[in-house]
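A short worksheet on the structure shown next.
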Amino acid sequence: MSTETTAPANFIHEIVEEHNRTGRFGGRVHTRFPPEPSGYLHIAHAKVASIDFGLARDYGGKCNLRFDDTNPIREETEYVDGIIETLHWLGWDWEDRLYFASDYFQQLYEWAQLLIRKGKAYVCDLSADEVREYRGDLTTPGRNSPWRDRSVEENLDLFARMKQGEFPDGSRTLRAKIDMAHPNFNMRDPVMYRILHAEHHRTGTEWCIYPMYDWAHGQSDSIEGVTHSLCDVGYEDHRPLYEWFCNELGIYCPQQVEFGRFSLTYTVLGKRILKRFVNEGLVHGWDDPRMPTLVGLRRRGYTPEAINDLCSRTGVSKTNTVIEIQLLEHCIREDLNRRAPRVMAVLKPLKVVIENWPVDADGRPTVEWVEAVNNPEDESMGTRQIPFSRELYIEQDDYREDAPKGWFRLGPGREVRLKHGYYIKCHDAVKDADGNVVELRCTYDPESAGGQTPDGRKVRGTLHWVSAAHAVDAEVRLYDYLFTKPDPNDAPEGQDFMANFNHDSETILTGCKVEPGLSAARPGERFQFLRMGYFCLDPDTTPELLVFNRTVELKDTWSKVESKAEKKEQEGAIR
RNA sequence: UCGGGGAUAGUUUAAUGGUAAAACACCUGACUCUGGAUCAGGAAUUUGGGGUUCGAGUCCCUGUCCCCGAGCCA
């Protein structure tokens with residue numbers, strides 16, 4: 001795909017091209033996407049997947065899916081299945097190359113024995129606390145474990161008995177013998193195996209010793225013939241250990257390359273925290289539409305195209321980045337503007353009665369079916385017929401008794417166009433005992449069919465509407481950001497990001513009225529509700545009730561104008 | 001304090017010793033049967049100091065700031 005004439009797209013491409021020039025990997029590019037099945041994937045994982053799978057795609061190489069399942073306590077098959085499904089949804093393919101680090105447990109065990117025989121690993125009887133104590137700190141070197149110089153025979157015997165299950169959890173570890181004075185903590189005799197009498201989601205109770213990340217990852221890459229092991233900068237100082245293990249084992253060593261971490265404003269990523277939201281009921285589940293998880297974004301109505309677009313727009317570098325969530329919103333608007341059919345839905349209904357609407361021979365209001373385009377951006381999406389009659393619903397927010405300057409929606413004596421229908425003029429507002437407007441009495445101009453009149457008079461406002469008799473009831477869920485600040489960690493002294501948690505991020509609207517054709521919609525289908533935003537039919541939908549999630553609002557110039565005017569007014573009042 | 005990394009408009013990324021640019025965000029305006037979309041325009045950037053060079057965001061020296069690291073997590 002990439003040719004010699006195109007400039008490298010990012011620093012990783014430069015590295016690959018350098019390797020291709022020197023022939024280090026014989027021109028091969030083979031990556032891997034290595035999730036731990038301990039939760040659902042979130043938006044930053046989509047970015048990582050895009051880097052891993054994308055690099056292979058760009059150079060005609062391969063990318064494996066490999067689950068990094070070396071900690072049985074956290075990992076579950078539910079997550080394996082969820083991750084696979086999400087990756088396919090994003091459009092990535094690994095053919096038959098689905099692997100698990102746990103596939104390599106036996107090989108890893110034998111390699112550990114090899115290291116012991118070489119005098120490069122030993123069984124250590126120190127407790128976790130003691131290990132920490134012996135490790136030293138930032139400025140002081142660590143001290144050697146008293147068990148560091150056991151004989152090869154004793155180490156081999158003890159290690160075998162660890163595997164046999166003779167010792168309790170935490171009683172011993174296998175450690176690499178490197179350098180307790182090394183400035184890089186990872187090189188201070190890192191633990192390779194810990195004892196864990198726990199059931200593993202794939203290997204069951206076959207093992208009671210489990211390899212640590214560092215002792216599993218590089219060798220897994222090596223076994224699979226990975227050329228470029230891409231990871232985030234958090235692993236930068238693990239690279240020396242990665243290479244030490246491969247070199248001591250005398251096995252093929254891939255090149256680890258680190259890229260910057262990725263995050264989003266107004267949210268937190270991080271599986272532990274997201275898991276906490278789920279467990280504490282702060283959200284309804286991993287796939288809550290407010291969650292930055294990919295299952296959440298999907299349910300919210302985000303398309304894989306929009307998410308991949310975000311990933312490619314944001315580039316790849318070594319700096320940790322915080323992407324403004326507005327860019328994600330731009331990506332989904334751009335995608336859905338092109339693809340989503342337009343429909344009309346009234347979220348907060350206000351009844352409109354057209355007093356001069358014609359009646360039939362029986363004195364019943366007639367029904368006129370008007371034609372509506374499905375998508376002005378794409379003629380091929382055709383048109384549909386929608387019913388117009390004497391009683392309609394419009395949006396409560398589209399009527400103001402005291403219309404502000406620049407208002408061109410409805411108000412006393414004002415005329416607006418009903419999209420695809422007629423001009424109507426408001427004559428009267430019926431109020432309830434509390435003074436709330438509950439009904440508008442209007443007249444229509446029969447000459448205005450099709451949206452214009454013979455006299456050519458200008459009508460600035462165009463409203464969406466539904467026919468009261470034909471409308472279908474719906475529940476509509478509106479979402480706000482999970483946090484009230486762009487940087488959730490920007491919390492008062494002594495408090496954490498939870499201080500900025502938005503406890504009002506979900507608004508459920510009931511009694512919404514949508515046009516009749518929507519009753520045929522299927523869960524996952526996406527629409528533009530004219531003037532209101534993009535919405536996606538939720539799986540909670542039943543034959544009796546349609547449930548929609550608002551994916552994102554449309555850009556709203558008016559609200560901006562109005563809030564600015566208000567601000568100006570306030571400032572004026574202060575002066 | 002020690003080790004590892006990083007720093008270009010508000011945000012993200014280009015510019016690979018030769019006119020500092022794009023997208024998003026922001027501000028104007030035009031157009032519109034969605035106050036949507038679209039279009040046109042605007043404001044805005046090289047972490048400080050020194051050096052090399054005809055010329056430095058880029059090379060050298062030196063400061064500053066930010067991130068990561070002391071799991072038997074990944």
Side-chain angles (χ1 to χ4, degrees), chain A residues 7-10 14 34-36 38 68-71 73-75 124 126-128 131-133 135-142 169-175 182-188 190-196 210 212-214 216-217 231-240 258 260-262 265 271-272 310 313-324 326-331 333-334 337-338 342 344 373 376-377 406-409 417-421 423 448 450-452 459-464 486 528-533 553-562:
Chain A
N10 59 54
E14 285 176 26
E36 184 192 17
S38 60
D68 228 329
D69 56 348
T70 56
N71 186 348
I73 294 166
R74 318 203 311 177
E75 296 147 8
C124 178
L126 254 26
S127 71
V131 168
R132 190 177 316 119
E133 208 183 303
R135 188 155 33 223
D137 62 29
L138 262 16
T139 46
T140 65
D169 288 4
S171 58
R172 286 175 225 259
T173 54
L174 183 75
R175 296 226 258 162
H182 200 108
N184 181 345
F185 284 109
N186 296 304
M187 302 300 271
R188 318 247 260 226
V191 171
M192 295 162 61
Y193 278 97
R194 73 286 215 186
I195 301 173
L196 237 39
Y210 289 93
M212 299 289 291
Y213 167 86
D214 287 306
H217 203 91
C231 58
D232 76 56
V233 291
Y235 293 93
E236 216 145 17
D237 47 17
H238 289 247
R239 181 163 17 100
E258 309 87 8
R261 286 201 171 114
F262 176 99
T265 55
K271 263 186 272 189
R272 273 199 316 275
L310 176 85
R313 280 175 190 252
T314 47
V316 180
S317 68
K318 291 208 70 166
T319 41
N320 292 334
T321 58
V322 183
I323 304 299
E324 291 177 329
Q326 286 78 8
L327 183 58
L328 211 214
E329 293 175 346
H330 169 80
C331 291
R333 282 198 191 100
E334 188 175 77
N337 176 52
R338 198 163 32 85
R342 272 60 169 171
M344 295 201 284
V373 291
E377 305 289 321
W407 178 260
F408 36 88
R409 277 119 91 154
R417 172 168 37 234
L418 294 182
K419 180 81 180 176
H420 308 305
Y423 290 5
S448 62
Q452 49 227 325
V459 173
R460 296 292 300 276
T462 301
L463 309 186
H464 61 279
Q528 185 194 104
F529 288 1
L530 231 56
R531 304 206 303 137
M532 303 306 285
E553 290 178 88
L554 254 24
K555 279 202 225 162
D556 185 358
T557 315
W558 166 251
S559 74
K560 214 181 263 182
V561 169
E562 191 175 37

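Here is the naming used below: chain letters follow the sequence lines, and residue numbers restart at 1 for every chain.
- Its glycosidic angle being more than 90° from 0, G36(B) falls on the anti side.
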List, with names and distances, any nitrogen or oxygen atoms from the protein found under 3.5 Å away from nitrogen or oxygen atoms belonging to nucleotides 13-15 of chain B.
unit_1: U13(B); atom_1: OP1; unit_2: Ser317(A); atom_2: OG; d: 2.4

Provide a list of protein-nucleic acid N or O atom pairs under 3.5 angstrom, restricted to nucleotides 42-48 of chain B.
none

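- Nucleotides U11(B) and G17(B) place their P atoms 27 Å apart, quoted to the nearest Å.
- At the phosphate of G35(B), OP1 or OP2 sits under 4.0 Å from a side-chain N or O atom of Arg531(A).
- The backbone N or O of Gly136(A) lies less than 3.5 Å from no partner atom in the side chain of Thr140(A), so there is not a single donor-acceptor pair.
- A donor and an acceptor atom sit less than 3.5 Å apart, one in the side chain of Arg409(A) and one in the base of G35(B).
- Ring geometry, Tyr235(A) versus Tyr213(A): the interplanar angle falls from 30° to 60°, so the pair is classed tilted.
- Judged by distance alone, with hydrogens and angles left aside, Glu562(A) brings no side-chain donor or acceptor close enough to the base of G35(B) to form a pair under 3.5 Å.
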* **RNA chain B base-pair string [pairs: Watson-Crick or G-U under 3.5 Å; |: paired with another strand]** => .((((((..((((....[..)))).(((((.......)))))....(((((..]....))))))))))).....

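- The side chain to side chain donor-acceptor pair (under 3.5 Å) search around Arg188(A) returns none, not counting sequence neighbours.
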Heteroatom pairs (N/O) under 3.5 angstrom, protein to nucleotides 68-74 of chain B:
unit_1: A70(B); atom_1: O3'; unit_2: Arg135(A); atom_2: NH2; d: 3.4
unit_1: A70(B); atom_1: O2'; unit_2: Arg135(A); atom_2: NE; d: 3.2
unit_1: G71(B); atom_1: OP2; unit_2: Arg132(A); atom_2: NE; d: 3.1
unit_1: G71(B); atom_1: OP2; unit_2: Arg135(A); atom_2: NH2; d: 3.1
unit_1: C72(B); atom_1: OP1; unit_2: Arg135(A); atom_2: NH2; d: 3.3
unit_1: C72(B); atom_1: OP2; unit_2: Arg135(A); atom_2: NH1; d: 3.1
unit_1: C72(B); atom_1: N3; unit_2: Gly170(A); atom_2: O; d: 3.3
unit_1: C72(B); atom_1: N4; unit_2: Leu126(A); atom_2: O; d: 2.7
unit_1: C72(B); atom_1: N4; unit_2: Ala128(A); atom_2: N; d: 3.1
unit_1: C72(B); atom_1: N4; unit_2: Gly170(A); atom_2: O; d: 3.1
unit_1: C73(B); atom_1: OP2; unit_2: Arg194(A); atom_2: NE; d: 3.1
unit_1: C73(B); atom_1: OP2; unit_2: Arg194(A); atom_2: NH2; d: 3.0
unit_1: C73(B); atom_1: O3'; unit_2: Arg194(A); atom_2: NH2; d: 3.1
unit_1: C73(B); atom_1: O2'; unit_2: Asn71(A); atom_2: ND2; d: 3.2
unit_1: C73(B); atom_1: O2'; unit_2: Arg74(A); atom_2: NE; d: 3.4
unit_1: A74(B); atom_1: OP1; unit_2: Thr70(A); atom_2: OG1; d: 2.8
unit_1: A74(B); atom_1: OP1; unit_2: Arg194(A); atom_2: NH1; d: 3.2
unit_1: A74(B); atom_1: OP1; unit_2: Arg194(A); atom_2: NH2; d: 2.8
unit_1: A74(B); atom_1: OP2; unit_2: Tyr213(A); atom_2: N; d: 3.0
unit_1: A74(B); atom_1: N6; unit_2: His238(A); atom_2: NE2; d: 3.2
unit_1: A74(B); atom_1: N3; unit_2: Tyr235(A); atom_2: OH; d: 2.6

N/O to N/O distances under 3.5 Å, protein versus nucleotides 25-29 of chain B:
unit_1: C26(B); atom_1: OP1; unit_2: Lys560(A); atom_2: NZ; d: 3.0
unit_1: C27(B); atom_1: OP2; unit_2: Lys560(A); atom_2: NZ; d: 3.4
unit_1: U28(B); atom_1: OP1; unit_2: Lys564(A); atom_2: NZ; d: 3.3

